[in-house]
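This report concerns only the one structure given below.
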Amino acid sequence: MAILVNEESKVVVQGITGREGSFHTKLMLEYGTKIVAGVTPGKGGIKINGIPVYDTILEAKEEHQEINTSIIFVPARFASDAVFEAIKADLNPIVLITERIPVRDSMKFIGYAREKGIRIIGPNCPGVITPPKTKIGVLPAHVFKKGSIGMVSRSGTLTYEIAAAITNAGLGQSTCVGIGGDPIIGMDFVEVVKMFEEDEETDAIVVIGEIGGNLEEKLAEYIKETGQKKPIVAYIAGRTAPPGKRMGHAGAIISMGMGTAESKIKSLNEAGIPVAELPSQVAEIVKSKLEKLKK
Amino acid sequence: MAILVNEESKVVVQGITGREGSFHTKLMLEYGTKIVAGVTPGKGGIKINGIPVYDTILEAKEEHQEINTSIIFVPARFASDAVFEAIKADLNPIVLITERIPVRDSMKFIGYAREKGIRIIGPNCPGVITPPKTKIGVLPAHVFKKGSIGMVSRSGTLTYEIAAAITNAGLGQSTCVGIGGDPIIGMDFVEVVKMFEEDEETDAIVVIGEIGGNLEEKLAEYIKETGQKKPIVAYIAGRTAPPGKRMGHAGAIISMGMGTAESKIKSLNEAGIPVAELPSQVAEIVKSKLEKLKK
Amino acid sequence: MKLLEHESKEIFKREGIPCPKGFLAFSPLEVKKYVKKLNKPVVIKSQLPIASRMKAGGIKFAETAEEAEKVASELFKLKINKFKVSKVLVEEKVDIKKELYLSITIDRYERKYVYLASTQGGIDIENLAKMHPEKICKVHVDPQIEVKPFDLIYITNKLGLTGTEARQFREIAGLFYDLTVKYDCELVESNPLAINGKGNLIAVDARMIIDDNSLFRHPKLKKKLFEEELTSFELKAMESGFSFVELDGEIGVIANGAGLTMASMDSISLFGGKPANFLDIGGGATSERVKTAVNLQLKHPKVKGVLINIMGGITRCDEVARGLVEAVKETGIKKPITVRMMGTREEEGKEILRKNGISYLETMDEAAEEIVKLVKGIKIGNPCK
Amino acid sequence: MKLLEHESKEIFKREGIPCPKGFLAFSPLEVKKYVKKLNKPVVIKSQLPIASRMKAGGIKFAETAEEAEKVASELFKLKINKFKVSKVLVEEKVDIKKELYLSITIDRYERKYVYLASTQGGIDIENLAKMHPEKICKVHVDPQIEVKPFDLIYITNKLGLTGTEARQFREIAGLFYDLTVKYDCELVESNPLAINGKGNLIAVDARMIIDDNSLFRHPKLKKKLFEEELTSFELKAMESGFSFVELDGEIGVIANGAGLTMASMDSISLFGGKPANFLDIGGGATSERVKTAVNLQLKHPKVKGVLINIMGGITRCDEVARGLVEAVKETGIKKPITVRMMGTREEEGKEILRKNGISYLETMDEAAEEIVKLVKGIKIGNPCK
């Protein structure tokens, strides 16, 4: 089944007429993603790559009742409205590619969506791919191959890097989820890892983190409590990065020492999760874990 | 088990120091309701009927972690804040006795609570009683007796009337839920009837409606679709009432002919639900239904 | 609380919704003066708290000042649904190209605000809703999300509006929602919302209903009683905060709670009687309030007998008994009363009644049947039915 | 975007949060004049975008105008964390009875705003948080519910505040939230929020950080660059919207995406090199932007070689290749460059590089290792480490 998206995902592209929206609609269609409609207010009636465009999701759904998933390319200042439109139309999941969305907006629509049980992936994320069934995002298709590794990442391009290495190592991905790089995002590591743990097509999990926030530490906490149900391998970017701008005293009080590469690597190691030094090492470690599992 | 409230309900009374709050706290305690704390901002530290009072629910919960249910007697203009406080403290259900709450406030906190899966009973309701275990409300205890009739009502006093008749007929109640008389309320007939259908202690269901709105018609619709899993008997108040004030054309368009006693009685009858002409007849009809069931 | 058309339009204009130029007049002379100055064809609209004034003849047209004075004096003699016309709104007649309909109200079942919109507005909107529900566009508004541009675009698309008309419609619809929030409205309606000869939208009619429970937030909107239309008994009941309605029969009904009051009326009817009115004393009434209620019933000329039906919950039976006893003593009026009380402090209440020689019955049916019998018994002539 | 103390206080005062009386001065002479007029003891505070100025010596006290001039001239010579002092805030010295701490910031994991409050404010607040976390009261604010009175009552109760102090604290805390919403703040902080001798609360320090992504909603808050502190390269990168930071090494890093850029730096370090800087071109860069980025690296004196690491997603490899080729041609600067590109339009990009005689490597490790070797090879003297 993989997770979050599959061949049953019938997609509406919000912001389909924009530069990124139209370009990636084409790529997603080439991959086989079931895109059934696009939405851009004021552009209803035209077609983009053969896909009919509507002014609103509601109109799109009246014509295509099968729509259940949204991908959003709408510019930051209109993105919040676009997300609420998708929520109101009961689309789930909602893949939010847009970057530079004000954090207050993200808190509002993510809070609302979570209460309704609607999953938002992003914002500022590359999307989700379940090879070879569907790609709902901007991830470069050719680095992914059907396989049994569940990938989840806060980074975009770094994910492709590691996915390519995994693919080259003769493995492949069940699903790869880019949860996004913003401070406030819809899904966190724990939630996605839980889904992979439940997923029959996933044998091992790769987690790609980076400095800042405490999603990695919270994952480590969860694994410490419940144990590793499937092998997990991590990579943390930013070991040599300079310390980021700090949120005054409040930032220090809230983070309580979490957020640095050291803190993350230490927590993950304590939970029994190996952390690769180079992105290229992730594939090898996963491979050896899987082989141990077979024995 | 009955529904919604039972001996596991550990109650905080919001607005415990007011006239109604303190009076009914006493009556509920006499009934055996497990009231563990009261809340009135600015009155923290005192005791009412032996129950400790706090300024905020959070402080009450720090001292009494078992609190899981709220009953609210706070005046209308502060009631919305009180409900949000209970929601934020994850109390469920929340029994909202207060009347005359602006409908916009009700829409907001009820919408929010429903998204979170928190049940609000009311506003403008008499509460819930599961005899003889617990009473969370202002219902007069002595008209209720443990039994197998699930009661749900939009009316306050009329409920007591019919409950007394059921009790006098030698039956009794599994739970009696006063869902409240306001245009916007937290739980509707369909939701409560579903709970009674699932409840092992309930053998038959009594529904007490009144003119206005379409909760009765919606219940009839639901029963038409799913069939009566347990016998249901209804009473509708207002057969001879003059037509109420109408919401302009919009009211007529929205109600689509629903809302009158005739419409409600017709729909219910079509769903196979008998509607008593007098409140006093309800008990007899239920009794005969139950006897048929035994055969 | 219903606002009159001219009050609603005052608010509409303040919030930026275009309305026709107009003037509120209290006499035919004022109408004449205004129309003379305006020197244009006008519409003269009686200001009453009801819908469908057009069908009831409450709206007239005039071309000249003299004609305006004449039709206005007819309007000032008019009475619709027991409301007398005491003021009229004189407005420049709009060159209506098309009549739209737009409103926001509350959908109780969905627990949300809802927009209702149609391109076939006007006096037949309710019929249209029945015959062609698909011609009315409904869009719900979740108070957590509020109105977003996509809601309004959906409406104008469904209505087939384009260009300036669509833009103006969306702007007005947005303002309707702002009004709804700002004034705690249960209804904001314009029927028709017209498109005039120049292609601009204008609210030819305007209706607003404010949530009574929200009035503490709107101290500037003073509670309207439409006093001239109320009987002195209705006025008194309203001042006391009772829910009281005059009816055609002869039995006064006092009960606590809307459901029980309605059930009491239904019972009286079922036993062959007719309620003269109903009076819901609400929850937790003190003896003082009960006294006022009983007083009102005893003194009411149409009332031949009183049914008092109390189920104690928040309301305490002893308070009711005390109030009843005092009222009977004070007024000295001897009309048949049947009492039934049960619930909170029932025994204390019954004790008070016993001590004061007032009898009571145990059930609502008995009390209803008894009062019908008593009232019929004392009636002169044939009580019939 | 960090606001300086005096900017934050301007906003605080406008919104009704009490702050000490003060004056912004750009020279010791201005300081002297103001203190003379004020004729009271003052505190003189350097205006820098950093926390903990007190510990770094950026805050001084003075009793007289002459003393103020003297300490101010010391301050104007100061440089803290590469920031030069160019203006100071001169404020009436507050008679501090107690130092509280209050802030609102964002709790990323909870996805909510959070209040942090303590009665032990002052310079050691971070230590207190570490040693005695229980002395800091945390209350989350759901943006759907917003702040309610019970949240604030809970805080003042936890802090043990009563009477006027509690009331003033709640009022200020409420205003903090209003500020947070109105200005899209990531942080609103006052440390200390003091109780003065008269028992009144006053914000002795004030800090605000505005969400950069929200600046389109706040046209009046113009983007601050703290220009005097930036190198010309940093300025150029900022103007181009790149994420660029100067470091101590010799290899310029260009990559797309924060994660990949950091991983590229980590790799360089692992292979024994040192990044001179990092430049994240972001997503979907055009060839024009890539050209600017490469130009900047090639012209940078500290950069001895450049690693370009691109994983195409939104970014297209052909655009990157074109920008790179143009920059190399235009500048004519010959520094070693290792390129690695993969993903969207990879083949087209590689084709462009081949045609222009620029070689590329297949993996990030290879590219990182190669650039380290190349840079060390051309280094004069002992590259060490």
Side-chain angles (χ1 to χ4, degrees), chain B residues 19-20 24 27 76-77 99-104 107-108 110-112 114-115 126 138-140 142-143 153-161 164-165 181 183-184 188 208 210-211 213-215 218 235 237-242 245-254 256-257 277-280, chain C residues 2 51 101 103-109 111-114 116 125-126 129-130 133 136 142-144 181 184 186-187 189 191 207 209 211 213-214 216-217 245 247 255-260 262-263 265-270 275 278 283-284 310-315 342-344 346 363-365:
Chain B
R19 183 175 176 267
E20 300 304 332
H24 284 284
L27 293 187
R77 69 177 72 190
E99 57 178 5
R100 302 193 64 76
I101 296 178
V103 70
R104 177 164 169 73
M107 273 194 279
K108 274 202 160 179
I110 288 173
Y112 186 75
R114 288 177 69 87
E115 284 155 19
V138 301
L139 314 95
H142 72 286
V143 304
S153 172
R154 284 172 63 193
S155 166
T157 46
L158 183 55
T159 311
Y160 317 154
E161 182 74 38
I184 302 290
D188 54 43
I208 303 164
E210 57 187 43
I211 52 171
N214 63 355
L215 296 191
K218 290 281 176 179
Y235 175 77
R239 286 171 192 250
T240 58
K245 64 171 177 181
R246 290 172 56 202
M247 295 291 222
H249 300 294
I253 296 170
I254 273 290
M256 294 296 283
E277 285 199 313
L278 284 170
S280 57
Chain C
K2 289 179 185 173
Y101 173 86
S103 68
I104 293 188
T105 186
I106 291 165
D107 187 331
R108 297 165 63 148
Y109 194 76
R111 302 179 177 88
K112 285 173 183 160
Y113 292 113
V114 61
L116 301 172
I125 186 74
E126 288 182 31
K130 260 179 230 155
I136 300 201
D142 186 328
Q144 309 277 113
V181 171
D184 277 294
E186 292 178 343
L187 174 75
E189 186 176 64
N191 184 32
R207 288 170 57 78
I209 302 177
D211 177 5
N213 291 346
S214 77
F216 68 84
R217 286 203 279 247
V245 176
L247 299 167
N256 60 326
L260 191 67
M262 287 193 285
M265 290 163 57
D266 294 351
S267 297
I268 288 172
S269 302
L270 223 73
F278 67 79
I310 301 296
M311 271 302 296
I314 283 195
T315 306
M342 199 172 181
T344 312
E346 176 181 332
T363 71
M364 174 170 141
D365 292 1

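- Per-residue counts of heavy-atom pairs under 4.5 Å with chain B were compared for C:Lys112, C:Glu346, C:Gln144; the largest is that of C:Gln144.
- Within the 4.5 Å cutoff, no side-chain heavy atoms of B:Arg239 are placed close to those of C:Ser269.
- At a 4.5 Å heavy-atom cutoff, the contact between C:Asp365 and chain B is made by side-chain atoms alone.
- A salt bridge does not link B:Asp188 to C:Arg108: none of the charged nitrogens lies less than 4.0 Å from a carboxylate oxygen.
- Heavy atoms only, all atoms of each residue included: B:Ala164 and C:Met342 are closest at CB-CE, 3.2 Å.
- Note: B:Arg77 CZ to C:Ser214 OG = 11.0 Å, rounded to the nearest 0.5 Å.
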Run the side-chain contact (heavy atoms from CB on, under 4.5 Å) check on C:Val181 and B:Arg104 step by step: do they pass? CA-CA 8 Å; C:Val181 171; B:Arg104 177 164 169 73; 3.5 Å; yes

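- Only the backbone of B:Ile101 comes within less than 4.5 Å of a heavy atom in chain C; its side chain stays farther off.
- Interface summary for chain C: among B:Ser155, B:Ser280, B:Pro183, the most heavy-atom pairs under 4.5 angstrom belong to B:Pro183.
- Highest contact tally toward chain B, considering only C:Asn191, C:Ile104, C:Asn256, is held by C:Asn256 [criterion: heavy-atom pairs under 4.5 Å].
- Rounding to the nearest 0.5 Å gives a distance of 4.5 Å between CG of C:Asp266 and OH of B:Tyr235.
- By number of non-hydrogen pairs under 4.5 angstrom with chain C, the leading residue of B:Thr157, B:Thr240, B:Leu158, B:Ile184 is B:Thr157.
- Closest approach of C:Ser267 and B:Leu278 over heavy atoms only: OG-CD2, 3.2 Å.
- For C:Ile310, no part sits under 4.5 Å from any heavy atom of chain B, backbone or side chain.
- In this structure, the portion of C:Asp211 lying under 4.5 Å from any heavy atom of chain B is its side chain and not its backbone.
- Each of B:Lys218, B:Lys108, B:Glu210, B:His24 has some count of heavy-atom pairs under 4.5 Å with chain C, and the biggest count is that of B:Lys218.
- Proximity to chain B (any heavy atom under 4.5 Å) is shown, for C:Tyr113, by both the backbone and the side chain.
- Heavy atoms only, all atoms of each residue included: B:Glu115 and C:Asp142 are closest at OE2-OD2, 4.0 Å.
- Residue C:Gly284 comes nearest to B:Arg19 through the heavy atom pair O-NH1, 4.2 Å, listed as atom of the first residue, atom of the second, then distance.
- The two residues C:Arg217 and B:Pro102 have their closest heavy-atom pair at NH2-CB, 3.2 Å.
- Looking at B:Val143, only its side chain comes within 4.5 Å of chain C, counting heavy atoms on both sides.
- Ranked by heavy-atom pairs under 4.5 Å with chain B, the first of C:Arg111, C:Met262, C:Met311 is C:Arg111.
- Here the closest non-hydrogen pair linking C:Gly312 and B:Pro140 is O-CG, 3.1 Å.
- Heavy atoms of B:Glu20 lying under 4.5 Å from chain C belong exclusively to its side chain.
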